[in-house]
Number of protein chains: 2
Amino acid sequence: MLMHNPPHPGEVLKELCIEPLGITVTDAAKGLGISRKTLSSILNGKAGISPEMAVRLSIAFNTSSESWLNQQSQYDLWQAEQHRNELHVTQLSAA
Amino acid sequence: MLMHNPPHPGEVLKELCIEPLGITVTDAAKGLGISRKTLSSILNGKAGISPEMAVRLSIAFNTSSESWLNQQSQYDLWQAEQHRNELHVTQLSAA
DNA sequence: GAGCCCTGTTACGTTATAGGTTACAATTCA
DNA sequence: TGAATTGTAACCTATAACGTAACAGGGCTC
């Protein structure tokens, strides 16, 4: 179970990939084969990392697509867990 | 890196949770607080497991929400990886 | 056979999100 | 000053996760 708020994957992408390489958002978007707006949205936490985007990132930065998508899942799941007690779900047992 | 086609999470849900308990899809849907159609779609591989659904499953079956969402991620990622060579992405390196 | 339950599925709707293009404003820098 | 960079807003499309209502078929039981 996750205990602390995981960072948005876009944050990690910016700090660990874009900034260290010293490349512009514009050039990174070109390399990724996506629009500058899409990358900007991700970097600023306005959009998530889709499965296809995870593959793109893995190619461009020679990383693991799993790590990117897992980061996104952890992030999404943490948000969902915040509303766990609002869900009307009952324990299920044998009939 | 995933090497083999992961099963659809709905398959796992059916075989490891619904069938062993001997409960009907209708009753399981009621317990989960979702419509029978939604559960049916998941069980038959027509829909994925959303973050919120992962939390519902974790409550109803006393399991880990992470495991459900991770299964879905693995499944989605495998699909995306099948088109890895169709993406126009270039390696990114220091400017 | 008649009735009932369970199931998958179709049709219709809403809502959210990823992605695109275009354009604008603000900033930085040569 | 002029060019580059960036975030963002407006507008579009496609996909997907939900819901309800309705239907058809299979199975079970009086």
Side-chain angles (χ1 to χ4, degrees), chain A residues 8-11 13-15 17-19 21-58 60 65 68-69 71-73 75-80 82-83 86-89 92 94-95, chain B residues 8-11 13-15 17-19 21-57 59-60 65 68-69 71-73 75-80 82-83 86-89 92 94-95:
Chain A
H8 190 282
E11 243 179 88
L13 177 59
K14 185 196 292 185
E15 293 170 11
C17 297
I18 308 286
E19 289 178 350
L21 288 181
I23 54 180
T24 67
V25 175
T26 303
D27 286 344
K30 285 177 188 166
L32 286 165
I34 61 177
S35 75
R36 179 174 65 86
K37 185 222 166 186
T38 297
L39 180 56
S40 177
S41 296
I42 293 175
L43 295 179
N44 292 286
K46 308 293 178 59
I49 294 181
S50 66
E52 182 184 301
M53 193 64 66
V55 176
R56 288 182 188 274
L57 293 174
S58 74
S65 59
W68 291 113
L69 200 55
Q71 279 183 64
Q72 186 64 49
S73 291
Y75 182 82
D76 292 339
L77 191 53
W78 195 86
Q79 310 291 332
Q82 301 311 110
H83 305 100
E86 300 168 23
L87 304 178
H88 302 165
V89 183
L92 256 24
Chain B
H8 190 281
E11 243 179 87
L13 177 58
K14 185 197 294 185
E15 295 170 11
C17 297
I18 307 286
E19 290 179 348
L21 288 182
I23 54 180
T24 67
V25 175
T26 302
D27 285 345
K30 284 177 189 168
L32 286 164
I34 62 177
S35 75
R36 179 174 64 87
K37 187 221 166 184
T38 297
L39 180 55
S40 176
S41 296
I42 293 175
L43 294 178
N44 292 286
K46 309 293 177 58
I49 293 181
S50 66
E52 183 186 301
M53 192 64 66
V55 176
R56 288 182 187 272
L57 293 175
I59 300 174
S65 59
W68 290 113
L69 200 55
Q71 278 182 64
Q72 186 64 48
S73 291
Y75 182 82
D76 292 340
L77 191 52
W78 194 86
Q79 310 290 333
Q82 302 310 111
H83 306 99
E86 299 167 23
L87 305 177
H88 302 165
V89 183
L92 256 27

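Please read these numbers as outputs of a predicted model, since none were measured by experiment. Naming: A, B, ... by sequence-line order, numbering from 1 per chain.
- Per the geometry, CD belonging to A:E52 stands 15 Å off C1' belonging to D:dA16, to the nearest Å.
- In this entry the distance linking CG of B:L43 with C1' of C:dG8 reads 11 Å, nearest Å.
- When rounded to the nearest whole Å, the span between CG of B:D76 and C1' of D:dT15 equals 13 Å.
- Taking only side-chain nitrogens and oxygens, A:S41 never comes nearer than 4.0 Å to OP1 or OP2 of C:dA18.
- Between the P atom of C:dT7 and the CD1 atom of B:I34 lies a distance of 13 Å, rounded to the nearest Å.
- The two residues B:L39 and B:A28 make their nearest non-hydrogen contact at CD2-CB, 3.6 Å.
- D:dT6 atom P lies 9 Å from atom CG of A:L39, rounded to whole Å.
- Annotation for B:L92 and A:L21: closest pair O-CD1, 3.8 Å, computed over non-hydrogen atoms.
- If you check distances only, the side chain of B:K37 never reaches the base of C:dG8 with a donor-acceptor pair under 3.5 Å.
- Of the residues near DNA chain D, A:K14 and B:K46, the one whose nearest nucleotide (by heavy atom distance) lies more toward the 5' end is A:K14.
- Remark: A:S40 is not in phosphate contact with D:dT8, judged by side-chain N or O atoms under 4.0 Å from OP1 or OP2.
- Side chain of A:R36 to backbone of A:T26: no donor-acceptor contact under 3.5 angstrom is found.
- With rounding to whole Å, B:R36 atom CZ is found 18 Å from D:dA17 atom C1'.
- Within the 4.0 angstrom heavy-atom criterion, only backbone atoms of the sugar-phosphate kind lie near A:T38; the bases stay farther away.
- Under 4.0 angstrom from either OP1 or OP2 of D:dA16 there lies no side-chain N or O belonging to B:S50.
- Across the protein-nucleic acid pair, A:L32 atom CG and C:dG20 atom C1' stand 15 Å apart, rounded to whole Å.
- Checked by atom type, the side-chain pair B:S41/B:T38 shows no donor-acceptor distance below 3.5 Å.
- Using a 4.5 Å cut-off on side-chain heavy atoms (C-beta onward), A:I49 and A:Q71 make no contact.
- Base contact: A:S35 has a heavy atom under 4.0 Å from a base atom.
- Rounded to whole angstrom, the span from the CD1 atom of A:I42 across to the P atom of D:dT8 amounts to 14 Å.
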